[in-house]
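What follows is one structure encoded as C-alpha cells, with my remarks underneath.
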Amino acid sequence: MLTTEKPNISIVKSETSKLVESDPSDLIFGKDFTDHMAICEFRNGSWGPMSIVPYGDISMNPGTSTLHYGQSVFEGMKAYKDKGGRVRLFRPTENARRINISAQRLCMPEIPEEMFMTALTELIRLDAKWVPAKEGCSLYIRPFIFADEVFLGVKPSTKYKFMIICSPASNYYKGPVRVRVERQYSRAVEGGVGYAKAAGNYAAALYPSSLAAKEGYQQLIWTDSREHKYIEEAGTMNVMFVFGDVLVTPSVENETILAGITRDSVIHLAKDLGYKVEERKISVDELVEAHKAGQLNDAFGMGTAANITIIESIGVDGIDLSLPPVEQRTVSTKIAKTLSDIKYGNIKDPYGWIEEI
Ligand code: COI
C-alpha cells in the first residue's frame with residue numbers, strides 16, 4: 001500500500017481497483033462502492049487527523065451508542081463528469097453547512113467545513129475514474145457522522161466518526177412515480193428533527209412507506225402531524241406543484257421539512273427562467289381543488305438522489321388524481337434540463353454552484 005501525506009490528511013491507496021467497465025445506467029442505487037473512503041475520529045473533544053483509506057468494513061463494539069439511540073446524521077451529494085472528463089461537484093459547501101445543522105440538532109460535534117471539503121476533494125480526486133462519464137449518471141457521495149462511544153446510558157456520545165463513502169449511480173427512480181397523501185403517520189413534528197438529515201427520520205418512514213408500496217405507490221406525500229392537512233415532503237424528496245403557471249412548494253420555515261439543496265436550486269432556476277414561485281403552506285384541499293379545476297399542471301419531487309422526479313399521480317383519500325402526461329410537463333422538464341446542463345457543464349454556471357476538482 002502506498003501512503004502519502006498531504007497537509008491535514010493521510011492517504012493510503014488501495015493496491016487494486018474494483019472498478020469494472022459497465023453501463024452506469026444499469027447501476028442499482030447505493031449497491032457498489034468505490035475503492036476508497038474518508039474517515040476521521042472525534043476524541044477528547046476534538047476531531048483527529050483525516051485519513052483516506054481503502055474502502056472496507058469497520059468493526060464495531062455491539063455497545064456502540066449509535067446502534068441503540070440513533071445519534072447519526074448524513075448528507076447526500078453528487079459528482080458529475082463533463083464531456084472533457086473533468087469532475088464537478090454541485091454546491092458542496094451547502095452540504096458541509098447542512099451536515100452541521102443536523103449535527104447540532106442531534107447534539108453532535110460539528111465537522112469544520114475545511115476538513116469536510118479537504119476529505120471530499122481528495123477522496124473524489126482519488127476515485128475520479130468512478131464518476132460515470134454519462135449524462136444522467138453520477139457519483140453519489142455519502143458523508144456521515146455517527147456516535148462511536150461504547151456506552152448504553154442515554155446521553156450524547158463523547159466519541160464520533162465522520163466518514164465519506166461513494167457509490168456510482170444513475171437516477172434513484174427510473175421514471176415518474178405514483179405517490180399517496182399520508183393522513184395517519186407522520187414523518188416529522190414541530191420541534192422535532194424533520195429539518196435535520198437524521199438517520200432516524202428515514203427509519204421512521206419505512207413502515208408507512210411499506211404500506212403505501214403494497215397499494216402500488218412508490219412514495220408518500222407527508223402531511224403535517226397536527227391535522228394531516230398541509231403538505232410537507234414527498235418521501236425522501238421536497239415537492240413542488242404547478243398550479244396554473246405558478247410553482248408552489250411548502251415553505252421550510254417551520255422545521256419539519258428538510259431544506260433541500262436541489263429544492264433551493266430549482267427555486268433559483270425557476271425564478272430566473274421567468275416563473276413565479278411561491279413558498280408557502282399548501283393544503284391537500286387546495287391540491288384537490290386545483291386538480292378539479294384543471295389547474296394542477298405539474299408536480300415533481302426534488303432531491304439529490306432523486307434529482308427531479310415527475311409525479312405521475314397523487315392518491316388522496318382513496319382517489320388517484322392523474323396528472324398530465326410527461327410530454328406536457330413543460331415546467332419540470334425545462335427546469336430539469338437547465339439544472340442538468342449546469343451540472344454536466346453543457347452550459348455556463350451563472351450561480352457559482354459548480355466546483356471543479
Ligand atoms: C438524497 O437525496 O441524497 C437523500 O438523502 C435521499 C436518500 C435517502 C436516498
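Just follow the structure's listing: the first ligand is 1, and inside any ligand the first atom is 1. Predicted model only: the values in this text are computed from it and were never measured.
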I'd like a table of donor-acceptor pairs (distance under 3.5 Å, sequence neighbours excluded) in which one partner is a side-chain atom from residues 232-246, with atom names and distances.
from : atom 1 : to   : atom 2 : distance (Å)
E232 : OE1    : T256 : OG1    : 3.4
E232 : OE2    : T256 : OG1    : 2.9
E233 : OE2    : R187 : NH1    : 3.3
E233 : OE2    : L258 : N      : 2.8
N238 : OD1    : G260 : N      : 3.3
N238 : ND2    : L258 : O      : 3.0

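- The structure places CD of E122 at 11.0 Å from CD1 of I164, a figure rounded to the nearest 0.5 Å.
- Note on residues 294-306: pairs passing salt bridge (Lys or Arg N to Asp or Glu O under 4.0 Å), not counting sequence neighbours, are D298-R329.
- No donor-acceptor contact under 3.5 angstrom links the side chains of D35 and S14, judged on distance only.
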Pairwise, report which nitrogen or oxygen atoms of ligand 1 are under 3.5 angstrom from protein nitrogen or oxygen atoms, and how far apart they are.
from     : atom 1 : to   : atom 2 : distance (Å)
ligand 1 : 2 (O)  : T304 : N      : 3.2
ligand 1 : 2 (O)  : A305 : N      : 2.8
ligand 1 : 3 (O)  : Y140 : OH     : 2.6
ligand 1 : 5 (O)  : K197 : NZ     : 2.5

Quiz prompt | Worked check of salt bridge (charged side-chain N to carboxylate O under 4.0 Å, His left out) between R105 and E255 | solution = CA-CA 11 Å; R105 178 63 181 84; E255 300 195 330; over 6 Å; no

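- Residues passing the side chain to side chain contact (heavy atoms under 4.5 Å, CB included) test with P325, sequence neighbours excluded: E327, Q328.
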